[in-house]
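Both ligands and their constituent atoms are indexed starting at 1 by order of listing.
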Amino acid sequence: MRTLRGQLVLSHILPFLIVLPLLTLALLVLIETQVLLTSLTQRATEQATLLAQAVRRQSNVLDDPELAQSFVAGLTVSLDGRVLLLSPDGQALASAGVDSDSGSQTLRSDGIATALQGETSVLVSYGLDGQGVEVLTPVIDASGRVVGVVGVIKTLTGLGSLVGRLRQIMIAAVLLEIVLGVMIGLLLARRLARPIDATASAVVDLAEGRPMDPVAEQGPREIRQLANAANVLAERLRLLEETRRRSLANVVHEIGRPLGAVRSAAHVLRGPAGDDPAIREELLGGVETQIERMQPLLDDLALLHGQVSGDVTLHRRPVAVSEWLPPVLLPWRAAALDKGLDWQADVPQHLPMLDVDPDRLAQVVGNLLSNAIKYTPAGGRVAVTVGIEGQEFWLSVADSGPGIAAEEQQQVFEAFYRSERDRRFPQGLGLGLTIARDLVLAHGGRLALDSQPGEGSRFTVYLPLTA
Ligand code: ADP
């Protein structure tokens, strides 16, 4: 009973096994009280009334016990049950019938008293010790005196066979239900167990590190939800694993290269060339540059860690964009011009105030510009434009670089994603866009990408204007 199959079978059979006997019992009681006892009472009352009339016509019957006995003995041939004759003082004169042995004990004194007062007494008994009816009718003479009592006692007979038949029907119904219950339960269990087993074994595969095949989402709603949850879980794990691999590869790649340069410099410095002040100066300068290049990578990693652990808090304050933006763009302008790029920046005066964290927003702009400059070949163009549209402030960074393929436009925002094409470019863990997007989202805004391969890319930051 510990399997789904067993429990389903049991749940189909058990209620029936409990309910059916109770139902049969209730049916029996209903038939006895509402049908059998009622008709028995009716018959006994009619017979007692007729007998009382007969006795009144032959009143000498009551004077002689022998006569009385032969009178009732003659009657019970045609009457079922038991017939009694009582004297006016309530003593039994004669009795005869099918249950004459036990009959005298069932006569109840309250019934006799009622009959002796001139009224018919009908006493119905229904209990464990028997079911029957006892009718006592007074025999009243012409002067209105009670000269005797006629009693008719009937018990419910033939009930044994009724109970027996009901029991047979009940057993047959229970057996049928067991067979049907087992069949339906097994069928249902098979339908439920199959997708659950498939999902369970897929999750076990996942837990043990094997690749998980997608589970078919079929069957009842809850099972479909379970299969869907397993599939979503597997996909998330796959993405996480992919991100983990990418992050490791990127970290090894990006930190390994400057470390290699530093090690080579140290090696040369140890040798005779290290004694030459000019060479030493040049090598130490190179070491410094490599270390400086590593710093932004570590900053990005630290920021990403902060975002993942929810530690990034924004220090918002009212910022006048027209004044804040030009100094932020300055170093990037220099970098672009250095690389031989055409630089355009259009920052109108009198832009509205924004309620933002200016350092974080500068980081967003920096990450977008750093990419634009990094990925656009010399001779290309980088342009920054800002404006207002509806209830939003927007800032866009456009370049004439290689652009981003449609299928990559989602992925570039994933942590540690770097296009294979761009591995030749130095610096970058594949975190710049992830961090930029998360910071914009933290400001309640959004970061959009519009790009055509071969024609360049445009990243636009949208921020809500506050009242
Ligand atoms: P990183 O620049 O460190 O690789 P990012 O998250 O900033 O990481 O960018 C992810 C990827 O998106 C880059 O590797 C590159 O393939 C692509 N990308 C980002 N900006 C541009 C751009 N302006 N032009 C073309 N490709 C870009």
Should one rank Phe459, Tyr375, Tyr417, Phe416 by closest heavy-atom distance to atom 1 (P) of ligand 1, which comes out on top? Tyr375
Could you list the atoms of ligand 1 found under 4.0 angstrom from a heavy atom of Leu429? 3 (O)
Backbone, side chain, both or neither: what part of Thr376 comes under 4.0 angstrom of ligand 1, heavy atoms only? neither
In this structure, are over 12 heavy atoms from other groups packed under 6.0 Å from Glu222 atom CD? yes
Taking Arg210 first and then Asp205, would you say they form a salt bridge - that is, a charged N and a carboxylate O separated by under 4.0 Å? yes
Looking at Leu369, Leu368, Val397, which hits side chain to side chain contact (heavy atoms under 4.5 Å, CB included) with Trp332? Leu369
Measure from NZ or CZ of Arg446 to the centre of the six-membered ring of Tyr462, then state whether that distance is under 6.0 Å and the direction lies within 45° of the axis. yes
Indicate, as side chain, backbone, both or neither, the part of Ile404 found under 4.0 angstrom from ligand 1 when only non-hydrogen atoms are considered. side chain
Min side-chain heavy-atom separation Ser451-Gln409 under 4.5 Å: yes
Under 4.0 Å between a Lys/Arg side-chain N and an Asp/Glu carboxylate O for Lys154 and Glu134? no
Close-contact set for ligand 1 against Lys374 heavy atoms, below 4.0 Å: 1 (P), 2 (O), 3 (O)
Out of all atoms in ligand 1, which are within 4.0 Å of some heavy atom of Gly432? Include the element for each. 5 (P), 6 (O), 7 (O), 8 (O)
Ligand 1 atoms in contact with Val412 (distance to a heavy atom under 4.0 Å): 6 (O), 10 (C), 11 (C), 12 (O), 17 (C)
Do NZ/NE/NH1/NH2 and the carboxylate oxygens of Glu241 and Arg244 come within less than 4.0 Å? yes
Quick check: Gly430 and ligand 1, any N/O pair under 3.5 Å apart? yes
Does Ser457 have a non-hydrogen atom less than 4.0 Å from ligand 1? yes
What part of Glu408, side chain from CB on, backbone N/CA/C/O, both or neither, has a heavy atom under 4.0 Å from ligand 1? neither
Residues Glu46 and Arg43 bridged, charged N to O under 4.0 Å: no
Should you measure from each heavy atom of Leu431, which atoms of ligand 1 turn up under 4.0 Å away? 6 (O), 8 (O)
Got an N/O contact under 3.5 Å between Thr434 and ligand 1? no
